[in-house]
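Only heavy atoms go into these numbers, but all of them, side chains included; no hydrogens, no water, no symmetry mates.
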Amino acid sequence: MPAFLQSSAFFLLLALSSSSFANALAYTDQSFEGSLSVVPVPEGWVAEYQQLWDVVVVGDGSTQGFLFSIGPDERPVEYLHAVVKEMNATVLANKIKKTTIRGHEAAIIDHFGIVHEKYVAIRKNDALLIIYGTTKRDPDSLQQHLEVIASKAMLFPSAHPDHLAGNYFIDREEGLNGDAELMPGLYKEKVSLNSNGVFGDLGIDEGGSRIGKDTVKAAYLLGTWVQRGSRLIIEENNHYFVNYRIQTTANGLTLVDQDGVRTRWLRQ
């Protein structure tokens, strides 16, 4: 399930508990280190970056706010249909509407309950800007903020830097709090980051096989990869979308996914 939905309960507690409401139409652009480079924050609101989930939380502290994340480069309507299907939320599926927001292709769900909620997907910069919004106030106020944020929020541009391109052995995985010793090449599973943005899972090493960083056997082509800010984002052809926090090491990469699972990739 996407991080912005997994985190919604936490977000509601944050946005509705900390400071007084400030109703203002002035915005300040704030920069972040993840896949979202800039998010406009209404005057008097607070913003926080959640590194594990690569999510930006913005709220007025008492009545309304938003949660932002990045999604795959898909049609917004198709994306929201897939999300609500995963949630087994038929009532939300019937509320999905195709729209445009400040000239960007988008899809939106308006859901009325204890609070008014918005689930939004906006196609922007070769990806989806995913937004979850909630308010205790007039829904029009939330929509007004959404229009501004959708037009001014910026994703880091996609890049395929040479220092990431190459072939790797996947090391063992462990939780963030695990203290087991990492053992290089334990499983001998190989992956490739092609310098043109192709991601390949090469399976289990057969011994002695080696390919250049710009070539991947056609049978193993699984998807694409990009770096955005401090994140490595892999989208496989089966629509499996993984958003890793990157840390470079002397012999490869250490990656942490949105479930907190840490993986070490050892460069060949």
pair [X]-[Y]: side-chain heavy atoms closer than 4.5 Å:
| X | Y | value |
| --- | --- | --- |
| L36 | L129 | yes |
| R267 | N251 | no |
| E105 | I122 | no |
| Q227 | H160 | no |
| E147 | I101 | yes |
| R102 | V148 | yes |
| D54 | Y49 | yes |
| E33 | Q51 | yes |

Should Y244 and V256 be marked as a side chain to side chain contact (heavy atoms under 4.5 Å, CB included) after you check the CA-CA gap, both sets of side-chain angles, and the distance that decides it? CA-CA 5 Å; Y244 293 106; V256 181; over 6 Å; no
Any sub-3.5 Å donor-acceptor pair from E117's side-chain atoms to T134's backbone N or O? no
May I ask you to decide if D259's main-chain N or O and D257's side chain share a donor-acceptor pair within less than 3.5 Å? yes
As an exercise, state the distance from [atom1] of [X] to [atom2] of [Y], rounded to the nearest 0.5 Å.
| X | Y | atom1 | atom2 | value |
| --- | --- | --- | --- | --- |
| F241 | I234 | CZ | CD1 | 10.5 Å |
| L80 | R75 | CG | CZ | 14.0 Å |
| D162 | L164 | CG | CG | 9.0 Å |
| E235 | N243 | CD | CG | 11.5 Å |
| F32 | M154 | CZ | CE | 13.5 Å |
| R264 | T249 | CZ | OG1 | 7.0 Å |

Minimal non-hydrogen separation, [X] against [Y], with atom names:
| X | Y | answer |
| --- | --- | --- |
| I130 | G71 | CG1-N, 3.8 Å |
| E74 | R123 | O-NE, 3.7 Å |
| K190 | D201 | O-OD1, 3.4 Å |
| N125 | R228 | O-NH2, 3.0 Å |
| P72 | L128 | O-CG, 2.9 Å |
| G34 | S230 | CA-OG, 3.7 Å |

Side chain to side chain contact (heavy atoms under 4.5 Å, CB included) assessment of T224 paired with F199: CA-CA 5 Å; T224 60; F199 167 74; 5.7 Å; no
Could you walk me through whether Q247 and R262 pass the side chain to side chain contact (heavy atoms under 4.5 Å, CB included) test, one step at a time? CA-CA 11 Å; Q247 180 183 357; R262 184 171 62 188; over 6 Å; no
Side-chain donor-acceptor pair present, D110, H116, cut-off under 3.5 Å: yes
Here's a test for you: under side chain to side chain contact (heavy atoms under 4.5 Å, CB included), which of V84, I108, V83 qualifies with I96? V84
Quick check: is F156 connected to I149 through a chain of hydrophobic side chains (ILVMFWY, heavy atoms under 4.5 Å apart)? no
